[in-house]
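These notes are about the structure you will find just below.
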Amino acid sequence: MEIVAHQKQISPDERAHIAKQVKDELIEHLYQGCLPGTISGMVASVALYLDYKGYTQENLLVMWVIAFNLMMVSLTALYFTYKKFKNRFSLAKWEWAYSILMTGCAISWVPIILMLPDDTTRQYLALIALFLATTGYATGTIGQFSLCVVTLMVMLVPLISVCLYKGGIFYNIIAAYSAIYMFFMFGINHRSTQWFKDSLKLKLENSLVSYQANHDLLTDLPNQRFLPQYVEAAIAAVKDTEHTFALVCFSLNRMEMINDSLGHHAGDSIIQSVANRLNSLAMHVSQSPDKTQYIITISRKDTFNILMIPLQTEGAENKLQRIFSVLDEPFYLEDRGVKLTASVGVSFYPRDGEDYESLLANADAAMLKAKQFCGNRFEFYRAEINAQLPKQIALENDLHDAIKNNQLQVYYQPLIDLKQGRIAGSEALIRWLHPVHGFISPINFIPLAEETGLIVPIGAWVMQEACRQTRVWQQMGFTGLKVAVNVSGKQLTSGANILDTIKHVLTVTEFDPKYLELEITETAILDENITSIIKEFTNMGLGLSVDDFGTGYSGLSYLKRFSIDKLKIDQSFVRDIPASNDSITIVSAILAMAKELNVKSLAEGVETEEQLRFLKSKGCDFIQGYYFSKPLEASYFTQLLLNYRNMAVFSNIELLET
């Protein structure tokens with residue numbers, strides 16, 4: 001039972017393969033023209049024989065017809081050989097064989113030029129046939145410009161030479177026309193070839209966009225865009241049969257803690273390992289006698305969706321237990337082993353839903369129920385789960401209490417000036433210490449705050465606290481220290497309120513606006529409704545930074561419209577350096593563009609010395625990431641500033657000089 005999604009899947013490592021496919025299509029196109037070309041050539045040879053008969057030596061004419069048609073037969077034989085044995089030889093060999101025979105066919109036209117009859121009418125007919133043939137060779141070698149040049153020169157240079165040798169107005173006109181026509185056809189072929197190259201480039205770019213849109217860059221798994229197609233195909237496969245299928249929501253526990261304590265690089269490594277183990281399990285299960293398929297997608301950074309088909313409800317529990325086997329062995333990060341658990345929710349078709357939306361919602365609800373018990377646990381969906389207080393509502397209530405009860409904290413991650421080798425400032429990051437659940441990741445509550453509008457008061461509080469604390473550090477002697485604060489789209493769309501909030505914060509904290517930098521996403525900065533507000537930020541003397549630069553789908557016109565001070569390169573590009581050539585190319589291009597536009601650049605998520613060396617060599621101005629420090633409480637950040645008051649932040653001085 002095969003479940004497929006009718007949408008192209010392209011790996012980021014498939015650029016060379018795409019180029020090969022296009023080359024294959026080109027060779028196919030060339031060979032498809034063989035049969036019509038050879039038939040036309042044979043007909044032309046008969047017509048020329050009749051045209052030349054009586055005006056050229058019969059034996060020479062017959063010998064030419066035989067030799068010419070032998071070339072046509074050879075080209076035809078090559079065509080049928082290609083169709084039958086295409087996959088036995090490389091594209092380069094087929095291209096070489098085609099080029100050799102095409103050149104031979106072009107050479108076979110030379111005798112007919114040398115035997116050009118003296119009769120004017122017959123010359124006209126011969127020249128028409130010759131120019132039609134050269135047109136065919138020019139169009140038949142599109143994508144092979146060098147072959148076009150060779151074949152046309154082989155055919156037309158002898159004609160030009162013969163005409164110039166004979167002299168006279170008529171022959172000189174023919175020679176001149178032939179030369180002009182030859183270069184004209186060169187141009188036609190060259191432009192067509194260039195079009196082919198541009199099409200290849202466009203196809204590569206579209207393939208990359210398609211990959212990014214439909215796959216998770218970290219794990220290579222299909223993302224949630226594919227899941228509806230898989231579920232719909234599964235419904236069609238089991239409908240009116242005795243089988244069912246299960247939609248499983250497999251969520252790793254404690255990933256926020258791992259990211260905070262060990263760094264996002266460690267978390268990413270674990271996610272990749274889990275994905276690999278799930279794929280191995282799926283392959284093993286597919287070879288079992290019951291032929292159950294595990295179709296795996298990823299919906300969130302730490303959550304996988306698994307479609308199990310076909311399935312019998314009675315034996316489902318044993319198969320679900322097998323999923324936990326991917327967590328039996330610890331995950332090793334250098335010399336450290338990390339044990340993980342997962343919470344799993346399961347919904348069955350058609351018992352728990354008859355469409356994608358209801359099946360996914362119910363599997364997700366069951367997973368959240370399982371999370372309440374911690375450890376490796378799975379929950380089958382039950383109607384009473386939805387009857388309980390939804391977790392989102394509880395979290396929203398807790399978030400309101402967090403604001404009232406001062407449970408929110410501001411952490412500071414250092415921003416390192418690579419040119420001076422010193423701490424130039426910090427990014428203010430919010431943290432929530434829940435009295436029951438401990439630290440709750442911003443990934444879990446920031447979207448909720450955005451949705452409910454709580455981000456506006458939270459954002460105002462973070463800004464005021466960050467400015468107040470940075471002012472304290474400045475008074476301690478760190479006079480040039482800056483602070484970067486994220487400003488959400490919801491805050492920006494609050495209109496004049498955001499301007500009043502900033503003015504109030506600056507007044508209350510006595511903070512110089514030139515040391516406050518606002519981080520705004522590409523999506524938000526392009527909203528025409530807030531253009532005037534962003535420009536007012538500049539008028540107030542505030543710094544502007546484009547957050548997560550390179551992840552949006554925007555153009556770059558806003559870099560000219562607004563006085564952008566800094567481009568912040570998203571960590572999704574930085575973390576794959578130096579392993580990914582794509583990431584190296586993208587980051588290098590962003591840094592070069594920033595330098596050309598006289599805009600500062602900052603790379604976030606720097607976690608290795610190799611990444612630091614690369615960024616330094618490319619002229620990156622600032623970095624932040626776990627390589628130097630994770631986000632810190634204010635007291636720890638103060639100690640960090642004192643520790644590096646009179647020294648560079650990197651003990652390896654040569655690193656900065658590389």
Return the [atom1] to [atom2] distance between [X] and [Y], rounded to the nearest 0.5 Å.
X	Y	atom1	atom2	value
N406	L433	CG	CG	12.0 Å
L492	I534	CG	CD1	6.0 Å
I584	D576	CD1	CG	9.5 Å
I590	T585	CD1	OG1	11.0 Å
E607	Y627	CD	OH	12.0 Å
T219	Q272	OG1	CD	8.0 Å

Do [X] and [Y] come within less than 4.5 Å of each other through their side chains, counting heavy atoms only?
X	Y	result
F324	V344	yes
L518	F537	yes
Q407	P435	yes
R575	D268	yes
Q611	I623	no
H400	L454	yes
F331	V274	yes
T303	I298	no

Between [X] and [Y], is there a donor-acceptor pair closer than 3.5 Å when you use the side chain of the first and the backbone of the second?
X	Y	value
E354	P350	no
S269	A266	no
E517	S545	no
D547	I520	no
S426	A428	no
D570	F573	no
S280	N276	yes
Q491	S488	yes

Taking every non-hydrogen atom, the tightest pair across [X] and [Y]:
X	Y	answer
K630	P414	O-CD, 4.2 Å
A594	S601	CB-CB, 4.2 Å
R277	V326	NH1-O, 2.7 Å
L281	I323	CD2-CA, 3.9 Å
Q413	S629	NE2-O, 3.1 Å
I296	P222	O-CD, 3.7 Å

Quiz item: Is the number of heavy atoms from other residues, nucleotides or ligands under 6.0 Å of Q321 CD greater than 12?
Solution: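 Yes, CD of Q321 has more than 12 neighbouring heavy atoms, counting only those of other groups under 6.0 Å.
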Self-check item: Heavy atoms from other residues, nucleotides or ligands near NZ of K86 exceed 12 (cutoff 6.0 Å)
Solution: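 More than 12 within 6.0 Å, yes.
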Exercise. Show the numbers, then the answer: is there a side chain to side chain contact (heavy atoms under 4.5 Å, CB included) between V346 and L247?
Key: CA-CA 6 Å; V346 186; L247 182 57; over 6 Å; no
Taking atom types as modelled and ignoring hydrogens, do the side chains of [X] and [Y] form a donor-acceptor contact shorter than 3.5 angstrom?
X	Y	answer
D328	S325	no
S580	D582	no
Q624	E427	yes

Exercise. Begin with the C-alpha distance, continue with both residues' side-chain angles, and end with the deciding distance and a verdict on side chain to side chain contact (heavy atoms under 4.5 Å, CB included) for K568 and E519.
Key: CA-CA 9 Å; K568 191 171 182 181; E519 293 189 357; 3.0 Å; yes
Self-check item: CA sep, side-chain torsions, deciding dist, call: E232, D355, side chain to side chain contact (heavy atoms under 4.5 Å, CB included)
Solution: CA-CA 8 Å; E232 289 167 7; D355 54 43; over 6 Å; no
Practice problem: Determine, stepwise, if the pair Y411 / E633 fulfils side chain to side chain contact (heavy atoms under 4.5 Å, CB included). | Solution: CA-CA 5 Å; Y411 276 47; E633 293 181 54; 3.3 Å; yes
Quiz item: For the ring-ring contact (aromatic ring centres under 6.0 Å, His included) test, which of Y356, Y349, Y230 pairs with F245?
Solution: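 Answer to the ring-ring contact (aromatic ring centres under 6.0 Å, His included) test with F245 among Y356, Y349, Y230: Y349.
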Quiz item: Is the distance between the ring centroids of F348 and F380 under 6.0 Å?
Solution: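 Between F348 and F380, the centre distance is under 6.0 Å.
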Self-check item: Option passing side chain to side chain contact (heavy atoms under 4.5 Å, CB included) with C620 (candidates V574, V587, L591, L602)
Solution: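 Looking at V574, V587, L591, L602, the match for C620 under the side chain to side chain contact (heavy atoms under 4.5 Å, CB included) is L591.
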